[in-house]
Amino acid sequence: MSEMVEVKVPDIGDFDGVEVIEVLVSVGDSVAEEDSLITVESDKAAMEIPSSHAGVIKDIKVSIGDTVSEGSVVVVLEAGAHAVDQIPLAAVEPEEEPVVVESAAEEKPAPVAETKAESTKPITPAIKPSPTAHIDPVRFAKAHASPSVRKFARELGVDLSKLDGSGRSGRIVKDDVQNYVKQALSQPAAATGGSALGVEPMPEVDFSQFGEIETQPLTKINKLTGKFLHRNWVTIPHVTQFEEADITELEAFRKQSNAEYADQGVKFTMLSFIMKALAVAMKKYPRFNSSLDASGENLILKKYFHVGVAVDTPDGLVVPVVRNVDQKSLIDISLELKEISIKAREKKLKPSDMQGGSMSISSLGGIGGTKFTPIVNAPEVAILGVSKAEMKPVWNGKKFKPRLMCPLSLSYDHRVIDGADGARFATYLSHLLADARRLLL
Ligand code: CAO
């Protein structure tokens with residue numbers, strides 16, 4: 001004989017006195033154990049309350065807008081029974097849905113609780129976290145959408161903050177979510193910005209509980225570069241090839257040239273030589289001077305040699321571009337490098353000054369460090385990192401000789417450049433710097 005069971009809200013931790021924002025079942029529905037019955041929402045997060053038993057819903061004891069706590073009866077069901085006509089479990093849409101704002105807080109794992117229903121079988125209602133693993137909860141929270149649309153978006157892993165609502169007052173409707181998914185599926189993987197990573201969101205932590213803190217807003221440049229670096233890091237398969245260039249002779253030549261050109265206001269830094277060498281190396285290995293087109297199916301080879309230079313400014317990192325480095329003298333490159341560094345630090349660069357690079361250089365040589373892994377500055381496919389040159393004992397086949405060695409870190413997009421070419425390019429670059437006469441060939 002089947003038994004009538006009251007399914008109650010289990011112990012849901014901090015979720016005491018929470019609002020019902022969705023009723024997911026109707027009278028007559030067949031539900032399996034663990035099927036969701038209602039969605040509740042606190043000021044921290046939304047979660048679904050599952051059924052403790054399988055059976056047919058006979059009565060629904062809550063409505064949207066009600067407040068429930070542990071022990072509140074959600075439904076009465078006939079345990080073990082089956083509906084005559086199997087009705088699919090579906091969200092019941094209220095006539096006028098309230099717009100809810102979901103919190104940014106991390107959902108807590110559900111505590112294990114026992115039902116108070118009369119049953120011999122203890123249950124462990126797993127509170128199902130919403131499938132929003134890779135969605136930024138802060139931005140999701142601010143989206144203008146109804147509970148059912150939010151639920152739909154969570155199920156599909158759609159970050160509502162990325163959508164423009166087509167409903168009244170910009171409200172996001174179900175069609176918007178569907179169109180977004182269709183569009184995302186029709187784009188090549190690289191263009192989706194890694195939105196399918198499926199990783200856990202960062203926990204939101206109140207650091208003040210551990211000690212004194214200060215909150216500093218990120219600069220506009222920090223935010224912009226952060227977005228691009230993040231996209232490039234997650235969408236480009238990076239490989240970094242390390243190399244050391246013997247710049248003993250080049251450094252001596254640089255110092256001598258600096259003495260000769262001092263009265264003309266020209267100062268050669270190692271970077272100007274490296275820029276010139278990079279242009280020569282790109283001529284020999286044209287794939288380093290290319291970009292993938294938007295479809296990801298064609299490689300665009302560039303016949304110009306423009307080199308971007310990462311400049312550290314108080315507001316963040318900017319990458320102005322020196323054009324036609326292959327056609328310019330070392331004097332012109334040095335003067336231009338000085339000019340763009342000043343412009344960058346005085347915030348006088350125009351967007352066009354930072355576009356059209358073939359490859360970029362991130363030079364930390366004036367600061368220190370032995371090597372690092374720079375992030376490719378897309379749509380470029382390679383970037384050269386330069387660290388601080390150091391005197392080292394180098395074996396010349398007969399004995400150790402003191403040589404000035406400059407560490408190079410070449411990161412490249414492995415979809416475009418093979419490991420062997422990466423090693424060839426880095427080795428060739430180091431040969432060019434070891435004997436600058438090769439730059440003239
Ligand atoms: N090894 C040893 N010394 C080096 C060197 C190297 N690889 N590179 C530069 N130096 C020396 C220079 O020769 C100079 O010394 P002298 O005054 O004795 O000639 C001194 O370090 C300072 O150089 P600099 O850094 O001011 O000049 P630069 O032309 O080498 O670089 C610029 C210019 C704009 C690239 C640099 O100032 C800068 O901003 N670097 C930081 C870039 C950055 O932040 N990258 C990180 C990107 S990823 O977050």
Side-chain angles (χ1 to χ4, degrees), residues 218-219 221-233 236 238 240 242-262 265-278 307-322 325 330-349 353-354 357 359-378 380 382-392 403-411 429-430 432-434 436:
L218 292 178
T219 65
I221 294 180
N222 288 156
K223 286 191 217 163
L224 264 176
T225 47
K227 269 195 213 166
F228 293 134
L229 288 169
H230 184 200
R231 178 200 61 193
N232 298 348
W233 181 248
I236 298 174
H238 279 74
T240 304
F242 300 109
E243 178 58 286
E244 277 188 322
D246 182 340
I247 58 165
T248 318
E249 262 87 55
L250 188 57
E251 179 63 1
F253 176 63
R254 184 181 79 88
K255 282 193 172 145
Q256 186 194 330
S257 306
N258 273 344
E260 284 171 20
Y261 284 85
V266 179
K267 188 191 168 200
F268 299 99
T269 62
M270 191 49 69
L271 190 52
S272 10
F273 291 95
I274 297 173
M275 289 168 73
K276 194 77 184 164
L278 198 66
V307 175
V309 177
V311 179
D312 177 37
T313 78
D315 285 328
L317 183 73
V318 286
V319 189
V321 174
V322 177
V325 168
L330 277 159
I331 297 175
D332 288 341
I333 295 172
S334 299
L335 290 172
E336 207 173 320
L337 193 54
K338 188 173 161 195
E339 194 186 305
I340 55 165
S341 314
I342 293 170
K343 259 176 137 180
R345 286 174 181 135
E346 291 178 352
K347 300 187 199 171
K348 289 191 178 144
L349 289 173
D353 293 332
M354 293 179 274
M359 252 183 90
S360 296
I361 301 180
S362 175
S363 174
L364 297 174
I367 302 168
T370 53
K371 45 179 91 84
F372 63 107
T373 53
I375 299 176
V376 171
N377 187 20
E380 297 164 22
I383 181 167
L384 181 72
V386 182
S387 298
K388 191 174 179 63
E390 262 191 311
M391 271 297 179
K392 286 188 176 176
R403 307 295 294 174
L404 185 63
M405 304 302 290
C406 182
L408 305 174
S409 309
L410 175 74
S411 291
L429 197 59
S430 124
L432 290 173
L433 295 170

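Along the sequence shown, residues are numbered consecutively beginning with 1. In each ligand, atom 1 is the first atom listed, and ligand 1 is the first ligand listed. What you see below is based on every heavy atom in this structure, not just the backbone, and it leaves out hydrogens, waters and symmetry mates.
A heavy-atom distance below 4.5 Å is found between the side chains of Ile331 and Phe268. Thr370 places none of its side-chain heavy atoms less than 4.5 Å from the side chain of Ser387. In this structure, the side chains of Leu337 and Met275 come closer than 4.5 Å at one or more pairs of heavy atoms. Residues Lys276 and Ile333 form a side-chain contact, since some pair of their non-hydrogen atoms from C-beta on lies under 4.5 Å apart. Under the 4.5 Å side-chain criterion, counting only non-hydrogen atoms from C-beta, Glu244 is not in contact with Leu408. Here the side chains of Leu317 and Val311 are not in contact, with every heavy-atom distance at 4.5 Å or above. In this structure, the side chains of Ile221 and Val318 come closer than 4.5 Å at one or more pairs of heavy atoms.
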- Query: Taking it one step at a time, do Leu410 and Met359 satisfy side-chain contact (heavy atoms from CB on, under 4.5 Å)?
  - Reply: CA-CA 11 Å; Leu410 175 74; Met359 252 183 90; 3.8 Å; yes
- I would like to know whether Asp353 and Val321 meet side-chain contact (heavy atoms from CB on, under 4.5 Å); could you show each step before the answer? CA-CA 6 Å; Asp353 293 332; Val321 174; over 6 Å; no
- Message: Show, in sequence, the C-alpha distance, side-chain angles and deciding distance for Arg403 and Met391, and conclude whether the side-chain contact (heavy atoms from CB on, under 4.5 Å) test is met.
- Response: CA-CA 5 Å; Arg403 307 295 294 174; Met391 271 297 179; 5.5 Å; no
- Message: Applying side-chain contact (heavy atoms from CB on, under 4.5 Å) to Arg345 and Thr313, what does each step give before you reach the verdict?
- Response: CA-CA 5 Å; Arg345 286 174 181 135; Thr313 78; 4.1 Å; yes
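Distance from atom 49 (O) of ligand 1 to its nearest protein heavy atom, with residue and atom name: Leu317 CD2, 3.9 Å. Annotation: atom 15 (O) of ligand 1 to nearest protein heavy atom, Lys267 NZ, 4.4 Å. Nearest protein neighbour of atom 42 (C) of ligand 1, counting heavy atoms only, is Ala310 O, 3.2 Å. Gly366 CA, 4.1 Å is the protein heavy atom nearest to atom 22 (C) of ligand 1. At the shortest separation from atom 38 (C) of ligand 1 among protein heavy atoms lies Arg345 NH2, 3.7 Å. Remark: minimum distance from atom 43 (C) of ligand 1 to any protein heavy atom is reached at Leu364 CD2, 3.5 Å. Taking atom 28 (P) of ligand 1 as the reference point, the nearest protein heavy-atom neighbour is Thr269 OG1, 3.8 Å. From the protein, the heavy atom lying nearest to atom 3 (N) of ligand 1 is Gly365 O, 3.6 Å.
Nearest-heavy-atom check against atom 32 (C) of ligand 1 across Ile361, Leu271, Thr373 picks out Leu271.
Of the protein's heavy atoms, none falls inside 4.0 Å of atom 26 (O) of ligand 1. For atom 5 (C) of ligand 1, a protein heavy-atom neighbour is found at a distance under 4.0 Å.
Heavy atoms of other residues, nucleotides or ligands lying less than 6.0 angstrom from CZ of Phe253 number 12 at most. Crowding of Phe242 atom CZ: a count of heavy atoms from other residues, nucleotides or ligands under 6.0 Å exceeding 12.
With a 4.0 Å cut-off on non-hydrogen atoms, Ser272 does not touch ligand 1 at all. With a 4.0 Å heavy-atom cut-off, ligand 1 is reached by no atom of Asn258. Only side-chain heavy atoms of Ser341 come within less than 4.0 Å of ligand 1; its backbone N, CA, C and O stay farther off. Residue-level proximity to ligand 1 for Asp312 is carried by backbone and side chain together, each with a heavy atom below 4.0 angstrom. Within the 4.0 Å heavy-atom criterion, neither part of Glu390 lies near ligand 1. With a heavy-atom cut-off of 4.0 Å, Arg254 touches ligand 1 through its side chain alone.
Under a 4.0 Å criterion applied to the non-hydrogen atoms of Ser387, ligand 1 contributes the atoms 1 (N), 6 (C), 7 (N). Against a heavy-atom cut-off of under 4.0 Å, Val386 is close to the following atoms of ligand 1: 7 (N). Shown in contact with Ala389 at under 4.0 Å from a heavy atom are these atoms of ligand 1, numbered in order with element: 1 (N), 2 (C), 6 (C), 7 (N). Taking every non-hydrogen atom of Ser363 and a distance limit under 4.0 Å, the qualifying atoms of ligand 1 come out as 40 (N), 41 (C), 42 (C). Each of the atoms 45 (N), 46 (C), 47 (C), 48 (S) of ligand 1 lies under 4.0 Å from some heavy atom of Ser362.
Taking only nitrogen or oxygen atoms, main chain and side chain alike, Lys388 does not reach within less than 3.5 Å of ligand 1.
Taking CD1 of Ile274 as the reference point, atom CG of Leu250 lies at 8.0 Å (rounded to 0.5 Å).
Within the structure, ligand 1 lacks Met275 among the residues with a heavy atom less than 4.0 angstrom away.
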